[in-house]
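What follows is a short report on a single structure.
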Amino acid sequence: YANAQTYWEQAMATWQIANDDEKNADFLFKQGRVLLLQKKNKKALDALTEAKLLMEASDRYVNGDWYWYIGQANEQLGKDEEAIASYQLAIERAPTENSQGITVRGLYGLGQISEKQQAYEQALAYYEEGYKITQGFPLKENEMDLANGLYRINKRKGNHQSALEYLEI
C-alpha cells in the first residue's frame, strides 16, 4: 500500500487543479492505479478505460504504461483476450525513456496468460524474450518474475537442469 498512498496523493493534487480532459484523464489514471493496488479491479478498469477515452478524445497519445495497467485490470478480472490486446499495445507504445520496463512487464503479462491457457511454448517464448531484455536492466524484480516463469515452464516440460538454473536467480 506504500505506492497506493503516493498514487492517491498525486491523483488528489491533479484533481484539485483539473479543468480539462487531459487533467481529468491523469486523475482517473492515477485513481485506477490506486484501485488496482487495492484489488478493486472492476473500478480500476472503469477508471483506466475512462482515462484512456478522455486522452483519445483530446487527441493525446496514450502511451504503453496506460495500456499495461488496463491489461493488469483485465487480467485480474479474467478477461484474457482484452488483457492480451492491452499488453500488446503496451509493448507497441512503450515510451522511449522507459521502453524496457513496459516491454518487459508486457511480455511477462503475456507469458502469464499463455501459461494459464496452457500454451506453454508461447509462454516460454514471451518469458525468454523478456528475460533477455532484463540482462543488465536495473530492476531485478522484473528479472526474477521472468526467471520464475521460465522455471515453471521448464519444470513442466521436464527440462529440470534449465529449471534449476532459473530457480537459482
Side-chain angles (χ1 to χ4, degrees), residues 3-4 7 25-26 28-135 137 139-159 162-163 166-167 169:
N3 287 337
Y7 296 153
D26 188 55
L28 287 167
F29 174 69
K30 290 172 181 168
Q31 181 185 46
R33 291 169 56 185
V34 170
L35 291 166
L36 267 176
L37 289 170
Q38 296 173 338
K39 304 290 187 210
K40 297 177 180 177
N41 300 312
K42 174 66 173 114
K43 288 181 179 182
L45 181 59
D46 291 344
L48 293 164
T49 302
E50 180 65 23
K52 180 184 78 76
L53 293 173
L54 285 170
M55 288 293 282
E56 291 172 342
S58 62
D59 292 325
R60 298 284 301 170
Y61 185 75
V62 179
N63 66 27
D65 56 343
W66 290 50
Y67 283 102
W68 182 81
Y69 282 105
I70 292 170
Q72 282 284 285
N74 276 312
E75 184 179 353
Q76 296 303 318
L77 291 168
K79 298 180 176 185
D80 290 347
E81 296 309 312
E82 292 89 339
I84 289 168
S86 294
Y87 288 142
Q88 289 171 336
L89 280 167
I91 293 166
E92 181 183 308
R93 293 180 170 219
T96 315
E97 70 277 2
N98 191 25
S99 61
Q100 287 181 322
I102 297 297
T103 300
V104 166
R105 289 193 309 252
L107 289 166
Y108 181 69
L110 291 169
Q112 284 188 297
I113 293 170
S114 297
E115 189 175 351
K116 182 172 78 173
Q117 294 176 343
Q118 299 180 349
Y120 300 120
E121 291 301 319
Q122 186 64 51
L124 185 63
Y126 287 131
Y127 290 148
E128 285 176 341
E129 185 179 350
Y131 186 78
K132 285 178 190 172
I133 295 170
T134 65
Q135 301 310 289
F137 192 69
L139 296 175
K140 291 295 180 187
E141 181 179 319
N142 292 317
E143 182 180 4
M144 290 173 56
D145 288 342
L146 290 157
N148 283 330
L150 288 164
Y151 163 76
R152 288 190 307 272
I153 298 298
N154 278 296
K155 181 180 173 190
R156 180 176 299 282
K157 291 176 65 178
N159 299 333
S162 292
Y166 290 111
L167 181 62
I169 293 177

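Along the sequence shown, the residues carry numbers beginning at 1.
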- Contact check, side chains of Leu110 and Ile91, non-hydrogen atoms, under 4.5 Å: yes
- Are the side chains of Leu150 and Leu124 in touch, meaning some heavy atoms are under 4.5 Å apart? yes
- Here the pair of heavy atoms bringing Gln122 nearest to Ser114 is CG-OG, 3.6 Å
- Side-chain contact, heavy-atom cut-off 4.5 Å: Asp46 with Leu28? no
- Item | Exercise: identify the closest heavy-atom pair between Ala123 and Ile153 | CB-CD1, 4.0 Å
- Item | Heavy-atom closest pair, residues Gln31 and Ala47 | OE1-CB, 4.0 Å
- Query: Between Lys79 and Leu45, is any pair of side-chain heavy atoms under 4.5 Å apart?
  - Reply: yes
- Message: Any non-hydrogen side-chain atom of Gln72 less than 4.5 Å from a side-chain atom of Tyr87?
- Response: yes
- Message: Is there a ring pair (Phe, Tyr, Trp, His ring centres under 6.0 Å) between Tyr127 and Tyr166? Walk through the geometry before answering.
- Response: CA-CA 11 Å; Tyr127 290 148; Tyr166 290 111; 9.8 Å; no
- Task: For residues Ala83 and Glu75, report the shortest heavy-atom separation together with the two atoms involved.
- Result: CB-N, 3.7 Å
- Validation row: Lys52, Leu48 side chains within 4.5 angstrom (heavy atoms): no
- Which heavy atom in Leu36 sits nearest to a heavy atom in Ala73, and how many Å separate them? CD2-CA, 3.8 Å
- Task: Would you sort out whether Glu128 and Lys132 count as a salt bridge (Lys or Arg N to Asp or Glu O under 4.0 Å), showing the intermediate values?
- Result: CA-CA 6 Å; Glu128 285 176 341; Lys132 285 178 190 172; 5.7 Å; no
- Message: Looking at every non-hydrogen atom in both residues, tell me the closest pair between Glu56 and Val62 and how far apart they are.
- Response: CG-CG2, 4.0 Å
- Query: Within the side chain of Arg33, is there an N or O that forms a donor-acceptor pair under 3.5 Å with the backbone of Tyr69?
  - Reply: no
- Message: Between Tyr67 and Glu92, is there a side-chain donor-acceptor contact under 3.5 Å, judged purely by atom types and distance?
- Response: no
- Point-to-point distance, once rounded to the nearest 0.5 Å, from CD1 of Ile70 to CZ of Phe29: 8.5 Å
